[in-house]
Amino acid sequence: MPSTLDDFEVISTIGTGSYGTCKKIRRKKDGKIMVWKEMEYGTMTESEKQMLVSEVNLLRELRHQHIVRYHDRIIDRSRAIIYIIMEYCQGGDLDTIIVQNRKEGTHVPEDFAWKILIQTTLALKECHQRKNGKAVLHRDLKPANVFLDAESNVKLGDFGLARVLHHESSFAKTYVGTPYYMSPELVNNQSYNEKSDIWSLGCMLYELCALVPPFTASNQSELNRKIRTGDFPRIPSQYSLELDLIIRKMIQVEVIRRPNIDAILADPLIQRKQDSLA
Ligand SMILES: CN(C)CCCNS(=O)(=O)c1cccc(Nc2nc(OCC3CCCCC3)c3[nH]cnc3n2)c1
């Protein structure tokens, strides 16, 4: 029985993303707290709508403990809006945590950083090595897309939506942040691949520890130059050499030297940490 808008009541607006608005909702029948993301499709071409349909179908297939769970979708044809209903992540997003620590002059604990690294890598593994074939690359891995549940476990969000965004008339075209996590292969106009997600993962872990991205600049060409060098400062000295080392392995300019998901999970540094965090 597909859901209808009447099955839910809106509690509050959480925020507006590059694709539309995210609202906190309550399912009336059992009081379950969820979110829906509202996307206007009225200005989309037929092919963009087709892309949206296939992205939403991908979302519903991604079932993993560290990926935000898709529940349903509601299409309001009269207003040309699609509502994508997903699990609510009570812990908010990593971007908010980074901003808060920067403001208070504090740092996240080392074990928290390892936990985020391990759980986000497991979420990416699910996407890169999907059972029935085609890998789903995230393409937009960043702190604002990594959410936490009530126990601070990772819930990777907004999969695929990143790809839908770049249709001509979308809000996304205007709504662009600085691509701090752009990989060297993207800077050199080469193709995006699974290792590009690994580069972004390394950049995200770096920012979680250092509270600033590994590469910063006041303009795109300066940023591109720094990214091509691959040179960046060590994470703050309070963090272990091992954590700095694993981040460095991911932020490698040469794609072939960058570890893939399985290499990261097999790394002795991770193995040892996984045991101690378990
Ligand atoms: C970027 N942030 C500073 C925005 C401030 C807003 N706080 S916050 O840190 O996202 C926050 C606070 C409390 C609960 C939640 N839970 C949550 N949020 C989602 O998306 C947020 C949305 C993503 C696109 C941009 C706008 C916000 C979810 N998507 C699927 N499940 C979700 N659960 C999030």
Side-chain angles (χ1 to χ4, degrees), residues 3 7-27 30-41 52 55-74 81-104 106 108 112 115-116 119-120 123-124 126-127 136 138-166 170-181 200 203-204 207-208 211-213:
S3 307
D7 297 332
F8 302 93
E9 57 190 346
V10 173
I11 300 172
S12 60
T13 295
I14 295 181
T16 302
S18 37
Y19 48 77
T21 304
C22 177
K23 294 188 177 172
K24 186 176 176 182
I25 56 176
R26 178 185 294 111
R27 187 164 59 187
D30 58 2
K32 187 178 174 61
I33 303 294
M34 308 169 93
V35 303
W36 71 30
K37 301 203 166 178
E38 303 175 5
M39 291 175 78
E40 289 181 12
Y41 61 82
L52 177 58
E55 289 301 340
V56 173
N57 289 337
L58 267 184
L59 280 177
R60 61 199 302 179
E61 283 168 34
L62 283 174
R63 291 167 186 274
H64 187 269
Q65 59 178 346
H66 294 309
I67 294 178
V68 169
R69 184 66 174 280
Y70 163 98
H71 282 283
D72 204 348
R73 58 162 171 59
I74 300 170
I81 295 176
I82 181 171
Y83 298 82
I84 300 176
I85 300 165
M86 305 179 185
E87 79 176 294
Y88 172 68
C89 302
Q90 192 176 329
D93 71 344
L94 283 188
D95 186 61
T96 304
I97 289 174
I98 290 167
V99 167
Q100 221 144 356
N101 277 281
R102 209 181 333 188
K103 214 178 286 176
E104 292 158 10
T106 50
V108 306
F112 179 78
K115 178 179 176 182
I116 299 302
Q119 294 185 347
T120 309
L124 281 182
E126 175 65 18
C127 307
V136 175
H138 193 282
R139 298 172 185 277
D140 196 16
L141 204 55
K142 59 186 178 185
N145 282 342
V146 175
F147 301 101
L148 299 174
D149 67 7
E151 289 77 41
S152 288
N153 290 307
V154 161
K155 298 282 181 180
L156 190 49
D158 293 351
F159 261 95
L161 294 179
R163 211 193 335 244
V164 181
L165 304 184
H166 302 296
S170 87
F171 183 47
K173 277 279 173 214
T174 51
Y175 181 97
V176 272
T178 310
Y180 288 112
Y181 294 1
S200 302
C203 290
M204 189 179 79
E207 185 168 358
L208 185 60
L211 305 176
V212 288

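The shown structure was predicted, so the numbers you read here are calculated from the model rather than taken from an experiment. Remember, it's 1-based here, ligands and their atoms both numbered in the order they're listed.
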What I want to know is whether Thr96 and ligand 1 share at least one N or O pair that is separated by under 3.5 angstrom. yes
Name the residue from Ile81, Thr21, Leu52, Val56 that meets the side chain to side chain contact (heavy atoms under 4.5 Å, CB included) definition with Met39. Leu52
Using a strict 4.0 Å cut-off to heavy atoms of Gly92, name the atoms of ligand 1 that fall inside it. 9 (O), 11 (C), 12 (C), 13 (C), 14 (C), 15 (C), 34 (C)
One should read off an interatomic distance between Ile98 CD1 and Lys103 NZ, to the nearest 0.5 angstrom, of 13.0 Å
I need the contact type for Val68 against ligand 1. Using non-hydrogen atoms and a strict under-4.0 Å cut-off, is it side chain, backbone, both or neither? side chain
Does the N or O separation between Glu87 and ligand 1 drop below 3.5 Å for any pair? yes
Answer whether the closest heavy-atom distance between the side chains of Ile116 and Ser152 falls below 4.5 Å. no
Distance filter under 4.0 Å to Cys89 heavy atoms, resulting ligand 1 atoms: 14 (C), 15 (C), 16 (N), 17 (C), 31 (N), 32 (C), 33 (N)
Any luck finding a side-chain donor-acceptor pair between Tyr180 and Glu207 under 3.5 Å? no
N/O to N/O below 3.5 Å, does that happen between Tyr88 and ligand 1? no
Mind checking whether Val99 contacts ligand 1 via backbone (N, CA, C, O), side chain (CB onward), both or neither, at a 4.0 Å heavy-atom cut-off? neither
Within the 4.5 Å heavy-atom criterion, are Met204 and Thr120 side-chain neighbours or not? yes
Please identify which atoms of ligand 1 are closer than 4.0 Å to at least one heavy atom of Gly17. 24 (C), 25 (C)
Ligand 1 to Thr16, heavy atom cutoff 4.0 Å, flagged ligand atoms 25 (C), 26 (C)
Do Asn153 and Gln119 have a side chain donor and acceptor closer than 3.5 Å? yes
Could you tell me the separation between the NZ atom of Lys23 and the CH2 atom of Trp36, rounded to the nearest 0.5 Å? 7.5 Å
Given that the side chain starts at C-beta and the backbone is N, CA, C, O, which of these parts of Val35 lies under 4.0 Å from ligand 1, counting heavy atoms, or is it both or neither? side chain
Does the pair Tyr83 and Ile25 meet the rule for a side-chain contact (heavy atoms from CB on, under 4.5 Å), with working shown? CA-CA 11 Å; Tyr83 298 82; Ile25 56 176; over 6 Å; no
Is the shortest distance from a heavy atom of Lys37 to ligand 1 less than 4.0 Å? yes
Are any of the N/O atoms in Phe147 less than 3.5 Å from those in ligand 1? no
